[in-house]
Number of protein chains: 2
Amino acid sequence: MPRPAILDRETVLGTALALADADGLDALTMRAIAQRLGVTPMALYRHVGDKQALLDGIVEHLLMEIPLPDPALPWTERLRAMTAAVRASARRHPAVFPLLLQRPAVTAGARRVRDAVYAALRDAGLPEPEIARTERMLASFVFGVAASESGGRFSVDTTVIDSDLEWFGDLLTTALSRHARDGA
Amino acid sequence: MPRPAILDRETVLGTALALADADGLDALTMRAIAQRLGVTPMALYRHVGDKQALLDGIVEHLLMEIPLPDPALPWTERLRAMTAAVRASARRHPAVFPLLLQRPAVTAGARRVRDAVYAALRDAGLPEPEIARTERMLASFVFGVAASESGGRFSVDTTVIDSDLEWFGDLLTTALSRHARDGA
DNA sequence: ACCTGAACACCGTTCAAGT
DNA sequence: ACCTGAACACCGTTCAAGT
């Protein structure tokens, strides 16, 4: 008779993410996660594979958590909202966020965010062949800002980055609008 | 009588960076570095502090290695050259590059690169109060692209990123030029 | 001053065993 | 099916000792 399971994948990933948020990536050990769950380290392996797979799972968890904007909003507002959401996520999970840049963006979580950007860029009037490359550049920019901010690379306050983005975001959306108009 | 030193800080950092380049961050252990140098692990501690300080040293080493463009070139060419240089550095040191975003940009190596960008932006005609924030945004963008590329986040060939940047770089420098003209 | 050797408190992961 | 316990091959770092 199978005994009742006391663990599942989501519980392990959630606990692991919370641990990384609180104590950093170095403290994120299989043993520490197991201890938090009142279980033996080896009990985790059935549910998350190995440590590498656990980290992949946490990154995906983080991506899935990012809220997407109301599709009824203007495209500029949607990009602005997503930028804010990514920054918030990076600040909430500073240890895990950098891993996002080190994994192929081919998962459901990555597609989910990318498709929302695609939709915004289509509504901006960008020609179809330029949608994908514009998304690559914008995502790199936003992830770069978010990783720098949460990683402590900037030596300025968050509110300064707020106003940096207000200014530079306008400059970017204006340039993209103009490009869509001239090049369409 | 002090015995002749067989180790120095630069040798240790160089060996460590080469090891990380070849085998990744997980393989970058004090013991493995020591073995490469034919020495006991504890011999490293005198020269590089502890492991955290070693990583800081490697990041600084990487920054110092980035070639700066000829100041006589037009500002657009200088930004283009620095972008290419940062990408090349990221591809050469894919394991270490991400650490760049996780350390305060207050070292000599960080200042060195930043000042070159400042100079380019001044020559672009940007008003002084906007120099620093523009550098923050451009550096975040370039580091984001370089980290994504070397980290494997993109699922496209390097040449595609080349052409992405050719296009998006023009869009950016055009927007900055226009802003400098209108806002000066 | 510079390096070694032994030791301590950790890691991730295997394997066989229990229920 | 799910978890445990013991074991293996590693870590970073301390401390005292050698030259």
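Reminder, nothing fancy here: chain letters follow the sequence lines and each chain counts from 1.
The nearest whole Å value for the distance from the CD1 atom in B:Ile6 to the P atom in C:dA1 is 17 Å. Spacing between atom CD of A:Gln35 and atom P of C:dC11 amounts to 9 Å, rounded to whole angstrom units. Atom P of nucleotide D:dG12 and atom CD1 of B:Ile33 are separated by 8 Å, given to the nearest angstrom. For B:Leu54 and D:dC11, the CG to P distance is 14 Å, given to the nearest whole Å. Counting to the nearest Å, the C1' atom of D:dT4 and the CG atom of A:Leu37 are 15 Å from each other. If you measure from atom CG of A:Leu28 to atom C1' of C:dG12, you get 12 Å, rounded to the nearest angstrom.
Note on A:Glu60 versus A:Arg103: no salt bridge recorded, every NZ/NE/NH1/NH2 to OD/OE distance being 4.0 Å or above. One finds a salt bridge joining B:Asp123 and B:Arg78 here, because a Lys/Arg side-chain nitrogen approaches an Asp/Glu carboxylate oxygen to under 4.0 Å. Classification of A:Glu128 and A:Arg122 as a salt-bridged pair holds, one side-chain N sitting under 4.0 Å from a carboxylate O.
The side chain of B:His47 sits closest to C:dC3 out of C:dC3, C:dT13, C:dG5. Counting only heavy atoms from C-beta on, B:Lys51 has its side chain closest to D:dG12 among D:dG12, C:dG12, C:dC2. Nearest to the side chain of B:Arg46, among D:dC11, C:dT4, C:dA1, sits C:dA1. When each of C:dC3, D:dT13, D:dC3 is scored by its nearest atom to the side-chain atoms of B:Asp50, the top-ranked nucleotide is D:dT13.
The aromatic rings of A:Phe143 and A:Phe97 sit perpendicular to each other, their planes meeting at more than 60°, with 30° as the lower class boundary.
Positionally, the nearest nucleotide of DNA chain D for A:Ala43 lies more toward the 5' end than for the other of A:Arg31 and A:Ala43. Between A:Ala32 and A:Met42, the residue anchored closer to the 5' end of DNA chain C is A:Ala32, taking for each the nucleotide with the nearest heavy atom.
Here A:Met30 lies in heavy-atom contact (under 4.0 Å) with sugar-phosphate atoms only.
Within a 6.0 Å sphere centred on CG of B:Asp26, heavy atoms belonging to other residues, nucleotides or ligands number 12 at most.
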Convert the base pairs of DNA chain D into dot-bracket notation, remembering that pairs crossing earlier ones are written with [ ] and that bases paired across to another strand are shown as |; include only Watson-Crick or G-U pairs under 3.5 Å. ||.|||||...|||||.||
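For the pair B:Thr40 and C:dC3, the criterion of a side-chain N or O lying under 4.0 Å from OP1 or OP2 is not met. A close approach under 4.0 Å does not occur between any side-chain nitrogen or oxygen of A:Tyr45 and OP1 or OP2 of C:dG12.
Remark: the A:Asp162 side chain and the A:Thr159 side chain contain no N/O donor-acceptor pair separated by less than 3.5 Å.
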N/O donor-acceptor pairs under 3.5 Å from side chains in residues 27-50 of chain A, not counting sequence neighbours:
residue : atom : partner : partner atom : Å
A:Thr29 : OG1  : A:Ala32 : N            : 2.9
A:Asp50 : OD1  : A:Gln52 : N            : 3.4
A:Asp50 : OD1  : A:Ala53 : N            : 3.1

